[in-house]
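Comments concern the structure below.
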Number of protein chains: 2
Amino acid sequence: MTHNTAPPDELTFWSFVDYAVQKAERELPSVNAEAMRMVLTLNRATSMVVYDLESSVHRPRGWTWPGFRVLFALWLAGPMEAKTTAEISGMSRAALSALLNTLERDGLLSRQRATHDRRALQLSLTEAGYGAILGVFRAHNRRESAWAEALEPEERRELVRLLNKLMAGSTDAQAKFRS
Amino acid sequence: MTHNTAPPDELTFWSFVDYAVQKAERELPSVNAEAMRMVLTLNRATSMVVYDLESSVHRPRGWTWPGFRVLFALWLAGPMEAKTTAEISGMSRAALSALLNTLERDGLLSRQRATHDRRALQLSLTEAGYGAILGVFRAHNRRESAWAEALEPEERRELVRLLNKLMAGSTDAQAKFRS
DNA sequence: TCAGATTCATCAAACGTTTGATCATTTGGG
DNA sequence: CCCAAATGATCAAACGTTTGATGAATCTGA
């Protein structure tokens with residue numbers, strides 16, 4: 001950065017994206033500023049939603065969002081192989097393995113060896129897990145609703161469409177996927 | 001869940017959102033399905049982007065995305081107080097404190113006590129940090145560009161607009177923020 | 001002035017995640 | 001049939017993050 005420009009007196013969470021994009025564009029003409037802005041904004045929005053849900057719904061109940069995702073998947077789709085659980089809840093098999101230790105210790109789900117393939121693991125909710133998930137989901141969905149109200153119904157649909165298109169494009173982008 | 005419906009033969013990462021939303025709507029009439037779909041989709045899209053950037057750009061270089069965010073902020077705005085760094089890179093002061101140990105150990109940045117307030121911490125890039133950040137940012141921005149190409153320019157702007165509107169609405173939503 | 005409250009940073013414990021290695025089971029080709 | 005390759009799960013080490021606690025410096029108001 002050859003031409004140093006003084007940062008604004010007050011550099012905040014809210015002003016940083018504009019500042020960063022403009023500064024990067026000025027200092028590095030080769031930068032793709034719009035891509036930078038898109039990824040930056042996407043991450044900030046998600047991180048805000050995640051932080052709110054995690055800290056207002058899950059942590060106070062002694063849960064975490066990843067744990068909730070696993071329990072929720074099992075609640076919706078019924079007992080299933082751990083491999084499937086990992087895939088649909090968007091985590092690696094190794095991450096799930098570690099997470100299961102916590103969930104099993106807390107008595108929320110149980111592991112069973114699969115009958116048709118003795119390598120495979122079958123997961124199912126315990127009575128306690130089954131009894132807890134509905135209440136937590138309701139609280140989770142209430143906060144989701146509060147966030148959703150920021151947009152008009154049509155805008156919500158458009159946001160979902162754009163995010164899906166973004167994900168679909170990952171193939172062309174040769175993006176790396178979780179194993 | 002009174003009326004159990006068999007899950008589809010193949011429940012995959014891609015089919016799960018539709019399955020979950022429809023099932024939840026059927027089993028729990030009180031659910032806000034559109035809010036659920038929005039948050040679910042937002043998280044999946046972001047998690048794909050994060051995983052790709054992290055695993056194809058940062059990890060192979062011995063970096064992490066959070067570490068990159070800190071170094072990038074320092075590179076753009078110059079030396080600053082740790083409090084500011086934490087805020088603009090979207091992490092708590094405690095998380096930054098832990099992260100600084102790694103970055104300092106790797107010789108990428110240095111901590112100095114502030115002169116005007118002996119409690120405060122001043123951060124600045126080392127020569128090594130300064131020398132490394134540009135190359136990593138270029139690689140990072142190249143992957144951002146690949147993702148951005150999934151959308152038309154107009155769609156990218158609309159996505160950013162909607163995400164910003166979502167964030168702005170967090171005030172009304174009484175969302176919890178990082179301290 | 002000075003004692004209480006506030007602010008800044010760090011620490012400790014617990015957690016989820018990643019990469020790379022290991023072990024057990026199953027599959028497939030000769 | 002048998003052995004090599006592939007598959008499923010776990011482990012170990014390192015990392016970033018959260019919450020709650022602790023210690024140091026600064027500020028404030030009586």
Side-chain angles (χ1 to χ4, degrees), chain A residues 43 46-48 50-71 80-87 89-106 108 111-123 176-179, chain B residues 43 46-48 50-71 80-87 89-106 108 111-123 176-179:
Chain A
N43 270 282
T46 303
S47 114
M48 288 182 68
V50 167
Y51 184 81
D52 173 54
L53 274 277
E54 189 99 38
S55 68
S56 72
V57 174
H58 299 296
R59 300 257 180 199
R61 290 169 171 78
W63 287 28
T64 61
W65 190 334
F68 168 75
R69 289 208 311 270
V70 166
L71 297 169
M80 69 183 91
E81 284 194 16
K83 191 177 169 29
T84 309
T85 311
E87 184 187 342
S89 45
M91 60 186 69
S92 74
R93 193 56 194 76
L96 178 60
S97 222
L99 186 47
L100 289 179
N101 293 331
T102 309
L103 298 175
E104 197 176 25
R105 185 206 60 197
D106 293 346
L108 297 167
R111 306 190 221 217
Q112 302 102 29
R113 203 102 242 151
T115 52
H116 62 290
D117 184 336
R118 298 209 311 277
R119 289 170 306 184
L121 201 63
Q122 190 79 7
L123 302 180
K176 284 198 74 173
F177 293 95
R178 271 188 190 82
S179 54
Chain B
N43 270 280
T46 303
S47 117
M48 286 182 69
V50 167
Y51 184 83
D52 174 54
L53 274 277
E54 187 100 39
S55 67
S56 72
V57 174
H58 299 296
R59 300 255 179 198
R61 290 169 172 79
W63 286 29
T64 60
W65 191 334
F68 168 75
R69 288 207 313 268
V70 167
L71 298 167
M80 68 182 92
E81 285 192 16
K83 190 177 165 40
T84 310
T85 312
E87 183 186 344
S89 44
M91 60 185 71
S92 74
R93 192 57 194 76
L96 178 61
S97 222
L99 187 47
L100 289 178
N101 292 333
T102 308
L103 297 174
E104 198 176 26
R105 185 205 60 195
D106 294 347
L108 297 167
R111 307 189 220 216
Q112 301 101 31
R113 203 101 244 154
T115 52
H116 62 289
D117 185 336
R118 297 210 311 278
R119 290 169 305 182
L121 201 64
Q122 189 80 7
L123 301 180
K176 284 199 73 171
F177 293 96
R178 269 190 193 76
S179 56

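Per chain, numbering begins at 1; letters A, B, ... match sequence-line order.
- The side-chain heavy atoms of B/T64 and B/T102, taken from C-beta on, include no pair separated by under 4.5 Å.
- Contacts between residues 56-67 of chain A and DNA chain D, defined by a heavy-atom separation under 4.0 Å, are made by A/R59.
- Atom C1' of nucleotide C/dA9 and atom CG of B/L96 are separated by 10 Å, given to the nearest angstrom.
- Across every non-hydrogen atom of B/S92 and B/R178, the tightest pair is N-CD, 3.6 Å.
- Atoms CG (B/L100) and P (C/dT10) sit 7 Å apart, rounded to a whole Å.
- Looking only at side-chain heavy atoms (C-beta outward), A/M91 and A/V70 come within less than 4.5 Å of each other.
- Side-chain contact check for B/V50 versus B/E54: some heavy-atom pair is nearer than 4.5 Å.
- Protein atom CG of B/D117 is 7 Å distant from nucleotide atom C1' of C/dC8, rounded to whole Å.
- Between A/K83 and B/L99, the residue whose closest nucleotide on DNA chain D is further toward the 5' end is A/K83.
- Regarding A/R178, its CZ atom lies at a distance of 17 Å from the C1' atom of C/dG20, rounded to whole Å.
- Along DNA chain D, the stretch of nucleotides lying under 4.0 Å from any heavy atom of chain B spans, 5' to 3', D/dC15 to D/dT26.
- Along DNA chain C, the nucleotide nearest to A/L103 and the one nearest to B/Y51 differ in position, and the one closer to the 5' end is contacted by A/L103.
- B/R111 has a side-chain polar atom (N or O) that falls below the 4.0 Å cut-off from OP1 or OP2 of C/dT10.
- Side chain B/R119 to base C/dT7: a donor-acceptor pair is found below 3.5 Å.
- Toward the 5′ end of DNA chain D lies the nearest nucleotide of A/R93, the other residue of the pair A/R93 and B/S92 mapping further downstream.
- Between A/R111 and A/L123 the shortest side-chain heavy-atom distance falls below 4.5 Å.
- Two residues are said to be in side-chain contact when any heavy atoms from C-beta on lie closer than 4.5 Å; B/V57 and B/R61 meet this criterion.
- Within the 4.0 angstrom heavy-atom criterion, base atoms lie near B/A95.
- Under the 4.5 Å side-chain criterion, counting only non-hydrogen atoms from C-beta, B/N43 is not in contact with B/S47.
- Between B/L53 and B/F68 the shortest side-chain heavy-atom distance does not fall below 4.5 Å.
- A donor-acceptor contact shorter than 3.5 Å links the side chain of B/R113 to the backbone of B/R119.
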